[in-house]
Asker: 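My structure is below; once you've seen it, I'll send some questions.
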2 protein chains.
Amino acid sequence: MSKYEKTCLIRGDGGRAIRGILDRIGDKWTVLVVATLHGGRMRFGELLTRIPGVSQRMLTRTLRHLERDGLVGRTVYAEVPPRVEYELTDSGRTLVEPAVMLAEWAIENNPGIEASQKDYDERGQGDSSP
Amino acid sequence: MSKYEKTCLIRGDGGRAIRGILDRIGDKWTVLVVATLHGGRMRFGELLTRIPGVSQRMLTRTLRHLERDGLVGRTVYAEVPPRVEYELTDSGRTLVEPAVMLAEWAIENNPGIEASQKDYDERGQGDSSP
DNA sequence: CTGGATCCCGCGTGATACTG
DNA sequence: CAGTATCACGCGGGATCCAG
């Protein structure tokens, strides 16, 4: 029995666990937030700046979800100009590793995948006309 | 510089690569299909049976996407009762490994995450009433 | 058996404006 | 600066019917 079959992604739960995680990190911003936060604790505005394209709303949502999951810690400073800082929890940090695995795979395979897509798309058009 | 910073998920592309992959495997069925297909080549109906809850439409869609990405191979047998078999390509197989990483993480951390969620949700309710 | 076509709903996502 | 509220849109994804 291989290592894969042991873990095998789908267990008795029909893949509930893995699906739960994928629902979480599969959304548009979670991974980028975690990745950015991996650089260290930082405040809301900084995240907003560092993550290109994210909206306030989405950043807030994502952070709340991560907080709820116990992957990100939130610290509010009772100051006149409000300051809130976020940081990965220990749990959150453990997520970075598998995420990096995936990222490495992604970076390595993206060219091939895009090529394959292009190939696939072109083939679909030019096969019926001689 | 740590290994993470080297790969760092967000590169010059602002996370395009990783986001591309996440868009792919982040959908509801891709990972389960890949995981199931990791058990060996099998036909459409078999996948439909093995993956609980997936609809015909979604299975077809997912397989098409994976095929387009070059992660899954599709073989059609010109028989009277149509038979189509799917199997992971070499590229597809390389995806299994990082996916398993994630799955292991998911299975290991799911309990903690769900506990954290429950905790978070309860805290939100009972803090204002003395 | 395989899988395309259609209809339909809910939710994720984003733009904008407002509050503390 | 941090966060919420509201609205509007598009797409994922399920059910169902039809075709080769």
Side-chain angles (χ1 to χ4, degrees), chain A residues 14-16 19-33 36-37 41-69 72-87 120-121 124-125 127-128, chain B residues 14-16 19-33 36-37 41-69 72-87 120 124 127-128:
Chain A
R16 273 237 336 282
R19 279 300 325 290
I21 296 305
L22 284 171
D23 279 349
R24 209 174 328 272
I25 72 166
D27 69 30
K28 214 169 176 182
W29 303 109
T30 298
V31 171
L32 293 191
V33 169
T36 305
L37 236 31
R41 123 189 312 234
M42 62 189 73
R43 46 194 302 184
F44 188 85
E46 202 172 347
L47 283 167
L48 206 56
T49 305
R50 291 219 197 187
I51 303 176
V54 71
S55 64
Q56 258 190 10
R57 171 186 162 83
M58 280 304 108
L59 182 53
T60 303
R61 269 170 144 295
T62 305
L63 287 168
R64 283 288 176 287
H65 287 154
L66 286 169
E67 190 193 353
R68 190 172 102 104
D69 294 345
V72 159
R74 182 168 178 266
T75 312
V76 183
Y77 296 87
E79 296 176 359
V80 181
R83 183 159 63 104
V84 182
E85 290 190 346
Y86 296 89
E87 65 180 335
Y120 183 96
D121 294 344
Q125 307 168 349
D127 62 346
S128 49
Chain B
R16 273 237 337 281
R19 280 300 327 290
I21 296 305
L22 284 171
D23 279 350
R24 208 174 329 273
I25 73 165
D27 69 30
K28 212 170 175 180
W29 303 109
T30 299
V31 171
L32 293 191
V33 169
T36 305
L37 237 32
R41 122 190 312 236
M42 63 189 71
R43 46 192 303 183
F44 188 85
E46 202 172 347
L47 283 167
L48 206 56
T49 304
R50 290 219 197 187
I51 304 176
V54 70
S55 65
Q56 264 189 7
R57 170 187 160 83
M58 279 303 109
L59 183 54
T60 304
R61 268 169 145 285
T62 305
L63 287 168
R64 283 290 174 286
H65 287 154
L66 286 169
E67 190 192 353
R68 191 173 101 103
D69 294 345
V72 159
R74 182 167 178 267
T75 312
V76 182
Y77 296 87
E79 297 176 0
V80 181
R83 183 159 64 102
V84 183
E85 290 192 344
Y86 296 89
E87 65 180 336
Y120 183 97
D127 61 347
S128 49

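Residue numbering restarts at 1 for every chain, and letters A, B, ... go by the order of the sequence lines.
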Asker: Could you go through the side chain to side chain contact (heavy atoms under 4.5 Å, CB included) check for A/Thr60 and A/Phe44 one step at a time?
Answerer: CA-CA 8 Å; A/Thr60 303; A/Phe44 188 85; 3.5 Å; yes
Asker: I want to verify a distance call: between D/dG3, C/dT2, C/dT13, whose nearest atom is closest to the A/Val84 side chain?
Answerer: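 Of D/dG3, C/dT2, C/dT13, D/dG3 is nearest to the side chain of A/Val84.
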Asker: Without decimals, in angstroms, what is the distance between B/Leu48 CG and C/dT2 P?
Answerer: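 The answer, rounded to whole Å, is 8 Å.
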Asker: Take atom CG of A/Leu22 and atom C1' of D/dG12, then tell me their distance rounded to the nearest Å.
Answerer: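 Taking atom C1' of D/dG12 as the reference, CG of A/Leu22 is at 15 Å.
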Asker: Measuring only between side-chain heavy atoms, which start at C-beta, is A/Glu87 closer than 4.5 Å to A/Leu37?
Answerer: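 In short, these two side chains do not touch, never coming nearer than 4.5 Å.
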Asker: Take A/Leu32 and A/Val54 through the side chain to side chain contact (heavy atoms under 4.5 Å, CB included) test and state the conclusion after the steps.
Answerer: CA-CA 10 Å; A/Leu32 293 191; A/Val54 71; over 6 Å; no
Asker: Considering heavy-atom distances to DNA chain C, does A/Gln56 or A/Gly53 have its closest nucleotide positioned more toward the 5' end?
Answerer: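 In this pair, the answer is A/Gly53.
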Asker: Looking for any heavy atom pair under 4.0 Å, which part of the strands does A/Pro81 touch: base, sugar-phosphate only, or nothing?
Answerer: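 A/Pro81: no heavy atom of the nucleic acid under 4.0 Å.
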Asker: Round to the nearest Å and state the distance from A/Glu67 atom CD to D/dA2 atom C1'.
Answerer: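 So the two atoms are 13 Å apart, to the nearest Å.
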Asker: A/Arg83 has an atom CZ; how far is it from atom C1' of C/dG20, in whole Å?
Answerer: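 Rounded to whole Å, this separation is 18 Å.
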Asker: Among the candidates D/dG14, C/dT2, D/dA2, find the nucleotide nearest to the side-chain atoms of A/Arg43.
Answerer: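 In terms of side-chain proximity for A/Arg43, the closest of D/dG14, C/dT2, D/dA2 is D/dA2.
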Asker: Tell me the closest heavy-atom pair linking B/Val31 and A/Leu22, and the distance in Å.
Answerer: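 Residues B/Val31 and A/Leu22, closest heavy atoms: CG2-CD1, 3.2 Å.
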Asker: CH2 of A/Trp29 versus P of C/dT13: gap in Å, rounded?
Answerer: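 Computing the A/Trp29:CH2 to C/dT13:P distance gives 9 Å.
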Asker: Here's a test of your reading of the structure: between A/Val54 and B/Leu63, which maps to the more 5' nucleotide of DNA chain C?
Answerer: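 Closest to the 5' end, via its nearest nucleotide, is B/Leu63.
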Asker: Looking across every strand, which nucleic acid part, if any, lies under 4.0 Å from B/Tyr86 by heavy atom: base, sugar-phosphate, or nothing?
Answerer: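 Since only primed, P, OP1 and OP2 atoms lie under 4.0 Å of B/Tyr86, the category is sugar-phosphate.
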Asker: Measure from NZ on A/Lys28 to P on C/dA15 and round the result to the nearest Å.
Answerer: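 A/Lys28 atom NZ is separated from C/dA15 atom P by 9 Å.
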Asker: Exactly one of B/Leu59, B/Leu47, B/Thr62 should register a side chain to side chain contact (heavy atoms under 4.5 Å, CB included) with B/Trp29. Which one does?
Answerer: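 Answer to the side chain to side chain contact (heavy atoms under 4.5 Å, CB included) test with B/Trp29 among B/Leu59, B/Leu47, B/Thr62: B/Thr62.
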Asker: Quick one: which of D/dG14, C/dA15, D/dG20 gets closest to the side chain of B/Met58?
Answerer: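 Of the options given, the side chain of B/Met58 lies nearest D/dG14.
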Asker: With the side chain of B/Arg61 defined as its heavy atoms from C-beta on, choose the nearest nucleotide among C/dG14, D/dG12, D/dA15.
Answerer: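 From the listed options, D/dG12 comes nearest.
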Asker: Please state whether the phosphate of C/dG4, meaning OP1 or OP2, lies under 4.0 angstrom from any side-chain nitrogen or oxygen of B/Arg64.
Answerer: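 Answer is yes, contact under 4.0 Å.
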Asker: Separation of A/Met42 atom CE from D/dA2 atom P, in whole Å?
Answerer: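 Rounded to whole Å, this separation is 13 Å.
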Asker: Between B/Arg74 and C/dG3, is there a side-chain N or O to OP1/OP2 distance below 4.0 Å?
Answerer: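 Answer yes for this pair, as a side-chain N or O of B/Arg74 is under 4.0 Å from OP1 or OP2.
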Asker: Measure the angle between the two terminal helix axes of the helix from C/dC1-D/dG20 to C/dG20-D/dC1, five base pairs each, and quote it to 10°.
Answerer: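 Axis-to-axis angle, ends of the helix: 40°.
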Asker: About how many Å separate CG of B/Leu66 and CZ of B/Arg74, when rounded to the nearest 0.5 Å?
Answerer: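 Rounded to the nearest 0.5 Å, the CZ-CG separation comes out at 12.5 Å.
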Asker: Counting only side-chain heavy atoms from C-beta out, which of C/dC1, C/dT13, D/dA15 sits nearest to B/Ser55?
Answerer: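 The closest nucleotide is D/dA15.
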Asker: Tell me which nucleotide among D/dC1, D/dG3, C/dT2 gets nearest to the side chain of A/Phe44.
Answerer: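 For the A/Phe44 side chain, the nearest candidate turns out to be D/dG3.
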Asker: Does any N or O donor sit under 3.5 Å from an N or O acceptor when you compare the side chain of A/Arg57 with the base of D/dT6?
Answerer: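 Indeed there is one.
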Asker: Can you measure from CG (B/Leu63) to CZ (B/Arg61) and round to the nearest 0.5 angstrom?
Answerer: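 That separation rounds to 12.0 Å.
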Asker: Just the rounded figure in Å: distance from C1' of D/dG13 to CG of B/Leu59.
Answerer: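 Answer to the nearest Å: 13 Å.
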